[in-house]
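Convention: sequence-line order gives letters A, B, ...; per-chain numbering from 1.
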Amino acid sequence: MFSSLFLTGLFFLFFGALLPLLSVRSGRYVRTATLGFTAVAAVLLLVSSAGVFTGDVQEEIASYNVSNALSFSFALDRLSSFFIIVISVVSFCVAIYSAGYIEHGGGNAKRNILAGLMNVFIASMVLVVASTNTFSFLFFWEIMSLASFFLVMYDYEKKETRKAGIFYFIMTQLSTVFLMVGFLALYQVNGSFNIEAMGSASQLMTTAIFLSLLTGFCIKAGVIPFHKWLPYAHAASPSNISALMSGVMIKVAVYGLMRFVLYVLGPVDWWGILILVLGTISAIFGIIYALKEHDIKRLLAYSSIENIGTILIGFGLYIIFQAHNLPAIAYLGLAGSLFHVLNHGVFKSLLFMATGSIVNATDTRDLEGMGGLIKKMPYTAALFLIGSLSISALPPLNGFVSEYMLFAAFFSSNTLGDPMLTILLVLCLSVFALTSAFVATCFVKAYGIMFLGLPRTDACANAKEAKKPMILGPAILAALCILLGVFSPALLSASGYGTLPVPDLMLVGSFLLATYAIIWAALYHSYPNKTRVGATWDCGTPLSSRTQYTASGFSQPIMRMFKATYKTKEIPERTFYDKQNSLFRSGEAKVTLLKFFEEYLYMPVGKKVMSLSIRVSRMQNWNLDTYIAYAFVAVLLVLVYVGWLI
Amino acid sequence: MNIDANYVAYAFLNTAFIILISPLFMGVAKIVKAQAQGRIGPPLLQPYYNLLKLAQKERVYSNKSSAITKITPYINITIMIVASLGIPLAFAPENSGGLGNIILLLYLLAMGRFFMAAAGLDAGSTFGGMGSSREMSISSIIEPITIIVFAALAFTLNTMDMHQMFQTAAQEMSFLNPALILVSIPLFIVLIVETARVPVDNPETHLELTMIHETMLLEYAGRDLALMELSHAIKQTMLMAILINILVPWGYAREFTAPAVIIGMLLFLAKGIILATFIGLTESSMAKMRLFALPNLFIIAFFLSMLTILLEVFR
């Protein structure tokens, strides 16, 4: 029953992909129909995967043999169905949103291809998660990478987009290389491509496979230091695609990591420590970089890096506590991690979509060119506010629940019985706390600068509210932010985590609502309710958009305190009339940010690869004699290897 | 989670008590500072008069501001009242109502801060923006210390629930526990930072050097300002209560009877006045620190709280 629903959903996606590609030049109705297919498919996939998830059953879907050893085969279990729930919820809302969004910019052909490829992209993500062997996993992984590459390249006319696309393409291929190495090594051990518990292998082999797969998945998930593609690609792609990539695609990599570590390799405790430390580093640096950013889409992209870090922290905690035989606390970590996968999918897609509406309306991604939008786009402003509150983990919204579970797991670290490990966890805890405080700062900045105050440009002063579908899509997610938070106790017990000690947010929410209502009602009636509208206090200088605080100004204190992390250079150049440097003549001051990872990691590696390939390319000298010599040596080597010469 | 009659009684008493006494502690600190400077200072009940006066005045909104400015005072006071349910001042019912969780408490406070900082940016004035920026920066870098302090408390008292922490502290009379004495120093620094006092901020002024908390409220008038000031006072009392009820829990009501509760309340009032005097003296004896010198203070607090953790881990 669930498998037939699942296959029907996939067929809808398939036809949705085919329809616009067959009639590329046709008009709007084709695209709308396609997105309708996507939405229907998402509902079908959601129903089938929710059925599998709550029923806790193993559901075989289908298997197609390609050759003797290679086959595509799919099945759903609890882990994969959970990730398909995330994919389908986000895809549904993105499909609705796209019906409005897609009509901006580009011609008919481009818009149709965007709608069609989006279906390919969603289908490939679903199939990666549902794969039961490494062959079909890698196959659809590549389809997913290619589809997303083309989607990132939507605005290929822009130089920035081309750079982002190529960067993304190279990184994603690098990730595939690591995965392929890991999968082939697994094949060596297991003798089959099935994703199943690994047979006996030497410790070295297991470690090597783990590290290779970890690197591969970390590149795709955008874990620091492999994160550099993420801000480029997310900023360059259309906003509905950013929502899918950030909300869902990077989670597919998390799924891969969880699947292979838990079900195939069998974790060891130092893996947990490694994942925890990687997660902590990603979380703190992700948000530190997000704070300085004033391109709103890049800010959101860096914040995605932070959230992937948070997810990894939970997963690392699970492995550590499980290795120390503390399953109750371990499940707190795992549940927190998985719930954060869902939550991040919900609020980050919401934020990306709301941002897309704003970028369409104001024609800029720069925070310094926005402001005052709450008056022009009240619905979008309300949606973005809910997303910001949720991502800042404020109760009673959903972000709080997952972060709370991680905090609770951290707070139990004194039960580990290993002092050094406890101290490591406490240090990670303090960094995690700093991270979550920075998230609030970052989103106060984003919200305040975008929506409050005075408009900073004319485009912004004349902005129009987004079209209905572009409000409806994110509105569903905003409702989910509230519902997933308030009904978290019921949801957790429905998914079998009912025993976890999580504060009852339903209660907190109703207390907040009741208190607010009482105070409001009491004050409304008992005191003189006079109000007056006046001008903002401006010390006599007329207020203008230039006098208010800017995004860079807002984050300046933190940038200064964390100077070492940003590698900022403040260059004040001043000339004076006199030798004592007291009569100021002229001057210029600037702050430059060092692109640390690019300059110290990516470029050196790139240069090494470049020089190596130049050396290799010297072997190709366009000379027939040389090539015959190569062929001869090759034949000789083969003969030696086979043993015919000796 | 079930709410029984005891809890309802507790909720009303605790809320009424904290609203009533919070302005008093503000007044005490003010008088102490005035005396230290050789002035007489305002009457003890001046904060109450101020609140009453403000409540009767009309509210003025900027023509540039939006709904955020209007809802923030209500949201702030709501959050403080709900959060204060998690901090039983003088007596704790058996049933903590699930609101006593310290992480929940911290994030409720963070929510109030989020709205306050947003409201600071709302009117488009430089003052408000500067206040929000500094407030968010400072509260961000104090956050790791707050968490470590609470983790140390959770390790020592073996619970994450504020009600149970206070009960355990009252039962064991653990004021001689070195971990708790050590952790009270960073807790005091957190209190100073969160309540915007010297050396971090100066509650008396909104001059350029101290533009943190007060500047965010610059655009508020009348009843809204009264609500904001009251919520700030409640926040201060909550943080004071954590320090008092863990370090010196003498007289904390162990059972829910009228005499015990009254004694508990009176003793809390006395201890609160002493602590407020101490806060006033600390403020008078220190100069305001430069904004960018603050991380040094925070590192001291971080070091001390980490030391507590080490003490607990290796015990």
Side-chain angles (χ1 to χ4, degrees), chain A residues 374-375 389 392-395 400 404 407-408 410-411 414 419 422-423 426 429-431 433-434 436-438 440-441 444-445 447-449 452-454 503-504 507-508 511-512 515-516 519-520 523 527-528 530-538 543 547-549 553-558 560-561, chain B residues 1 55-56 58-64 66 68 74-75 77-79 81-82 85 98-99 101 103-104 107-108 110-111 113-114 117-118 121-127 129-130 132-134 136-137 139-141 143-144 146-148 151 154-155 160 218-219 223 291-292 295 309-310 312-314:
Chain A
I374 194 169
K375 297 200 184 80
L389 292 175
S392 310
L394 301 178
F400 175 74
Y404 172 80
F407 272 119
F410 269 124
F411 269 55
N414 58 338
T422 307
I423 289 166
V426 172
L429 166 67
S430 67
V431 176
L434 184 64
S436 60
F438 274 163
T441 308
V444 166
K445 165 184 141 181
Y447 190 78
I449 302 290
L452 307 177
L454 303 172
D504 189 350
L507 187 79
V508 178
F511 263 96
L512 285 172
T515 317
Y516 189 96
I519 291 170
W520 190 81
L523 290 180
Y527 272 111
K530 264 171 71 182
T531 57
R532 185 159 60 86
V533 172
T536 303
W537 170 242
D538 53 12
L543 206 64
T547 57
Q548 61 183 336
Y549 238 55
F554 193 90
S555 46
Q556 193 265 348
I558 291 179
R560 181 142 170 211
M561 286 170 197
Chain B
M1 162 51 218
Q56 285 160 3
E58 66 174 359
R59 288 169 288 169
V60 184
Y61 293 118
S62 159
N63 50 8
K64 308 288 188 300
S66 68
I68 297 284
Y74 295 98
I75 288 186
I77 188 83
T78 302
I79 284 169
I81 287 177
V82 172
L85 289 179
L99 288 171
N101 194 293
I103 303 291
L104 180 67
Y107 276 85
L108 279 174
M111 181 136 160
R113 192 183 304 130
F114 188 101
L121 286 163
D122 199 16
S125 104
T126 323
F127 294 98
M130 184 176 281
S132 336
S133 158
R134 291 179 174 177
M136 291 312 286
S137 311
S139 63
S140 295
I141 51 174
E143 188 74 7
T146 319
I147 284 282
I148 298 283
F155 285 6
M160 278 174 79
L218 206 58
E219 291 299 322
R223 190 164 91 201
L291 185 67
F292 295 108
I309 296 277
L310 293 183
E312 278 304 306
V313 167
F314 285 105

Grab the two heavy atoms, one from A/Ser430 and one from B/Pro144, that are nearest each other, plus how far apart they are.
O-CB, 3.5 Å

For each of B/Tyr74, B/Phe155, B/Tyr61, tally heavy-atom pairs with chain A at distances under 4.5 Å, and name the one with the top tally.
B/Phe155

Bottom line for B/Ser132: the part with an atom under 4.5 Å from chain A's heavy atoms is both

Closest contact, heavy atoms only, B/Thr78 versus A/Leu512
CG2-O, 3.2 Å

By a 4.5 Å heavy-atom criterion (distance strictly below it), what part of B/Ile103 contacts chain A: side chain, backbone, both, or neither?
both

Residue among A/Trp520, A/Phe438, A/Phe400, A/Tyr447 with most heavy-atom pairs under 4.5 Å to chain B
A/Phe400

Any side-chain heavy-atom pair from B/Glu312 and A/Asn414 closer than 4.5 angstrom?
no

Between A/Thr547, A/Leu394, A/Thr422, which residue shows the highest count of heavy-atom pairs closer than 4.5 Å to chain B?
A/Leu394

Just to verify, which of B/Asn101, B/Val82, B/Leu108, B/Ile79 counts as forming a side chain to side chain contact (heavy atoms under 4.5 Å, CB included) with A/Pro395?
B/Leu108

Which atoms of A/Leu543 come close to chain B, meaning under 4.5 Å heavy atom to heavy atom: side chain ones, backbone ones, both, or neither?
side chain

Out of B/Ala118, B/Pro295, B/Ala151, B/Ser62, return the one with the most heavy atom pairs under 4.5 angstrom to chain A.
B/Ser62

For B/Leu104, is it the side chain, the backbone, both or neither that has a heavy atom under 4.5 Å from a heavy atom of chain A?
both

Can you give me the closest heavy-atom contact between A/Ser392 and B/Tyr107, atom names plus distance?
O-CE2, 4.0 Å

Does any backbone or side-chain atom of A/Thr531 lie under 4.5 Å from a heavy atom of chain B? Answer side chain, backbone, both or neither.
both

Taking all atoms of both residues into account, what is the closest heavy-atom pair of A/Arg532 and B/Glu58, and its distance?
NE-OE2, 2.7 Å

Chain A contacts, top residue of B/Ser125, B/Gly129, B/Ala110 (heavy-atom pairs, under 4.5 Å):
B/Gly129

Which one, A/Val508, A/Ile449, A/Asp538, leads in non-hydrogen pairs under 4.5 Å with chain B?
A/Val508

I want to check something: taking the side chain as every heavy atom from C-beta on, are B/Ile147 and A/Phe410 in contact at a cut-off of under 4.5 Å?
no

Given a strict heavy-atom distance threshold of 4.5 Å, which part of B/Phe314 is in contact with chain A: side chain, backbone, both, or neither?
side chain

Flag the one option from A/Ile423, A/Ile374, A/Val426 with the top tally of heavy-atom pairs under 4.5 Å to chain B.
A/Val426

Mind checking the NZ-CG spacing from A/Lys445 to B/Leu121? Nearest 0.5 Å is all I need.
11.5 Å

Spacing of B/Arg223 atom CZ and A/Lys530 atom NZ [to the nearest 0.5 Å]:
13.0 Å

Between A/Ala433, A/Gly448, A/Gly534, A/Ser436, who has the most heavy-atom pairs with chain B when the cutoff is under 4.5 Å?
A/Gly534

Considering only heavy atoms, which portion of B/Met160 lies under 4.5 Å from any heavy atom of chain A: side chain, backbone, both, or neither?
side chain

Does any heavy atom of chain A fall under 4.5 Å from the side chain of B/Ile75, the backbone, both, or neither of them?
both

Only one of B/Ser137, B/Ser139, B/Ser140 passes side chain to side chain donor-acceptor pair (under 3.5 Å) with A/Thr441; say which it is.
B/Ser140

Looking at OG1 of A/Thr515 and CG of B/Leu85, how far apart are the two atoms once the value is rounded to the nearest 0.5 Å?
7.0 Å

Closest non-hydrogen atom pair, B/Glu219 against A/Trp537:
OE2-N, 3.1 Å

